[in-house]
Amino acid sequence: MLETEYQNGLDAARVMDHQDELSHFRNQFHLPIQPNGKPYVYLCGNSLGLQPKTTAAALQQELLDWKNLGVEGHFHAKNPWMPYHEFLTQAMAKVVGAKPEEVVVMNTLTVNLHFMMVSFYQPKGQRNKIVIEADAFPSDKYAAESQIKFHGLNPKECLIELKAREGEVCLRAEDIQEVISKQGDEVALILLGNTNYYTGQYFDIKQITEWGHAKGCFVGFDCAHGAGNMPLNLHNSGCDFAVWCNYKYLNSGPGGMGGAFVHQRHHQNKSLPRFTGWWGHNKDTRFKMRDAFDPIPTTEAWQLSNPPILAMASVWSSLKIFEEAGMDRLRKKAIRLTGYLEFLVKSLGDDIINIITPSDPAQRGSQLSIQVKQADKTLFNKITEDGVIADWREPDVIRVAPVPMYNSYEDVFNFYSILKSALNEKG
Ligand SMILES: *Cc1c(COP(=O)(O)O)cnc(C)c1O
């Protein structure tokens with residue numbers, strides 16, 4: 001979409017809000033309130049999404065059924081706990097672009113990453129390496145290193161780190177391709193964050209999967225910053241697995257449950273290594289308790305425990321709102337909203353700011369990572385005092401994510417004018 005018609009000014013922002021067919025969703029969320037009684041300009045939905053107003057009642061329902069029914073709630077609760085996770089599957093699958101049988105909400109993100117690596121990191125002979133971003137989220141790197149050690153190998157030899165070129169922050173697709181084509185024969189698993197948490201750069205899942213598969217590697221993605229942010233089309237992209245959390249763009253609350261995708265081509269493969277538990281066992285015979293493990297022929301086979309219903313109720317109440325809004329409409333608004341943020345921030349001048357996130361909307365989601373030249377944390381503290389919740393990364397980067405679900409164009413304008421006056425004061 002070409003956006004040449006952006007205008008600076010509060011009135012222009014309000015006109016865009018007025019034209020926004022998703023603007024009413026803001027009212028379905030609790031906005032954190034400043035000491036002065038006004039809502040914060042909340043631009044941190046990439047770290048922790050806001051609480052839907054329906055979540056408290058959803059949790060209350062489960063507490064009530066537990067109170068009144070005890071164990072009978074497994075079958076007789078308003079939303080019976082036995083099949084509870086299945087209630088989330090359709091909506092979750094839509095958010096990440098998968099078939100319902102390919103996704104499951106379970107555990108938390110890093111836990112799911114480990115379970116997926118048990119299945120998809122199978123080092124054999126020379127093919128024993130994992131490709132990862134040099135600036136991957138720390139948890140992902142720790143998980144990959146520990147998996148390598150678990151197989152008796154050395155992370156120094158078995159982790160291939162993708163680094164940006166000298167003087168650049170984002171990775172170039174052609175450099176990723178080159179590493180895969182040169183070293184692919186030694187690679188057991190390619191594991192990338194599909195949207196980098198630091199730069200906001202989006203990687204083309206389909207393209208990278210094709211490069212990896214051509215070399216016989218498994219390819220998986222950490223979609224923590226992608227799920228609910230970008231249309232991921234996991235099924236069509238063909239990647240082997242993906243994992244994500246539901247508490248960033250997907251608003252399920254602090255420490256909320258994660259999700260996992262396993263492509264259907266692996267569902268019938270009984271030789272794939274897997275750590276198992278009773279919730280992955282054939283539902284018809286699960287309670288006989290004595291049968292040999294008989295995996296459900298879907299991604300549900302990777303479930304271990306009976307799920308935490310309270311945590312799941314919270315994910316579900318958010319997914320219902322995503323079903324209503326739809327990823328296509330959210331993405332359309334995100335492109336315009338983030339483009340507006342870019343337009344305003346750029347007007348502050350190249351000598352003061354540098355946006356490290358790619359300028360091509362196809363290579364980013366909602367987040368912009370704004371490097372402020374010669375700034376330190378006092379600038380960030382100032383904008384926080386003035387009512388902005390964003391994220392600071394040392395030494396000089398402010399990460400902001402206007403989230404199309406609940407952020408307005410007015411939020412974006414307010415952030416810009418607060419940043420501008422903080423910069424003026426700094427002189
Ligand atoms: C947020 C995030 C995590 C956090 O993992 P948890 O297991 O949910 O604590 C891990 N990896 C990436 C890429 C993230 O963005």
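Indexing begins at 1, ligand by ligand and atom by atom, following the structure's order.
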Colleague: Which residue and non-hydrogen atom of the protein lie closest to atom 8 (O) of ligand 1, and at what distance in Å?
Modeller: Y247 OH, 2.5 Å
Colleague: Honestly, is K320 close enough over W316, meaning NZ or CZ under 6.0 Å from the six-membered ring centre and within 45° of the axis?
Modeller: yes
Colleague: Any salt bridge linking D240 with R265? Criterion: basic side-chain nitrogen under 4.0 Å from a carboxylate oxygen.
Modeller: yes
Colleague: Have a look at E186 and tell me which of K129, K215, Q126 forms a side chain to side chain donor-acceptor pair (under 3.5 Å) with it.
Modeller: K129
Colleague: Using a 4.0 Å cut-off to any heavy atom of H225, which atoms of ligand 1 qualify?
Modeller: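 Here the atoms of ligand 1 in question are 15 (O).
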Colleague: Quick check on contacts: which atoms of ligand 1 are under 4.0 angstrom from a heavy atom of K248?
Modeller: 1 (C), 2 (C), 3 (C), 14 (C), 15 (O)
Colleague: Does D222 have a non-hydrogen atom less than 4.0 Å from ligand 1?
Modeller: yes
Colleague: For ligand 1, which atoms have a heavy atom of T110 less than 4.0 angstrom away?
Modeller: 5 (O), 6 (P), 7 (O)
Colleague: Is the terminal nitrogen or CZ of K346 (NZ for Lys, CZ for Arg) located under 6.0 angstrom from the six-membered ring centre of Y6 and within 45° of that ring's axis?
Modeller: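 No, K346 does not lie over the aromatic ring of Y6.
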Colleague: To which protein heavy atom is atom 12 (C) of ligand 1 closest, and what is the distance rounded to 0.1 Å?
Modeller: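 The closest heavy atom on the protein side is F137 CG, 3.3 Å.
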Colleague: Does E86 form a salt bridge (Lys or Arg N to Asp or Glu O under 4.0 Å) with K283? I'd like the steps, not just the answer.
Modeller: CA-CA 12 Å; E86 296 168 14; K283 292 173 199 180; 2.5 Å; yes
Colleague: Report yes if some N/O of S139 lies less than 3.5 Å from some N/O of ligand 1; otherwise report no.
Modeller: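 No: no nitrogen or oxygen of S139 is under 3.5 Å from one in ligand 1.
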Colleague: What atoms in ligand 1 come closer than 4.0 Å to a heavy atom of D140?
Modeller: 10 (C), 11 (N), 12 (C), 13 (C)
Colleague: Could you check whether D20 pairs with R336 (Lys NZ or Arg NE/NH1/NH2 to Asp/Glu carboxylate O, under 4.0 Å)?
Modeller: no
